[in-house]
Amino acid sequence: MSPITLNAVRYGIPAALFIAGMVVSGIGSVAAGAMFIGAATAVLLLNFLFRIGVEGDKERDREEEARRYFDEHGRWPGE
């Protein structure tokens, strides 16, 4: 996926839910609007937490590569 598509999904869906919540709240159903806004917040936080999890995987992969390098050469990379 391209970065533009990822950002559209990552931020577009919560933005659409938030806007829908504001519109529904403005029309008169404050409770339904709050539900849309809550859903937007939940989607945004899930995206954020998923990205944190993916970063942890990348760090683990870099550490594993450094350990393999150490096993082959007897020193840490960059030393």
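Residues Ile13 and Met35 do not share a hydrophobic cluster, clusters being chains of Ile/Leu/Val/Met/Phe/Trp/Tyr side chains in contact below 4.5 Å. Linking Ile, Leu, Val, Met, Phe, Trp and Tyr whenever their side-chain heavy atoms come within less than 4.5 Å puts Val9 and Val43 in one cluster.
Pro14 approaches Ala40 most closely through the heavy-atom pair O-CB, 3.3 Å. Contact detail for Met22 and Ile37: the closest heavy-atom pair is SD-CD1, 3.8 Å. Nearest approach of Trp76 to Phe70, heavy atoms of both residues: N-CD1, 3.7 Å.
Residue Leu49 holds its CG atom at 10.0 Å from CG of Leu44, rounded to the nearest 0.5 Å. Rounding to the nearest 0.5 Å gives a distance of 10.0 Å between CG of Leu6 and OH of Tyr11.
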#### Entry: CA sep, side-chain torsions, deciding dist, call: Glu64, Arg60, salt bridge (Lys or Arg N to Asp or Glu O under 4.0 Å)
CA-CA 6 Å; Glu64 184 62 32; Arg60 241 177 265 118; over 6 Å; no
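The 12-atom threshold is exceeded at CD1 of Ile52, counting heavy atoms of other residues, nucleotides or ligands nearer than 6.0 Å. Applying the 6.0 Å contact sphere to CZ of Phe50 captures no more than 12 heavy atoms from other residues, nucleotides or ligands. Other residues, nucleotides and ligands contribute more than 12 heavy atoms inside 6.0 Å of the OH atom of Tyr69.
Salt bridge absent: Glu55 and Arg51 never bring a charged side-chain N and a carboxylate O closer than 4.0 Å.
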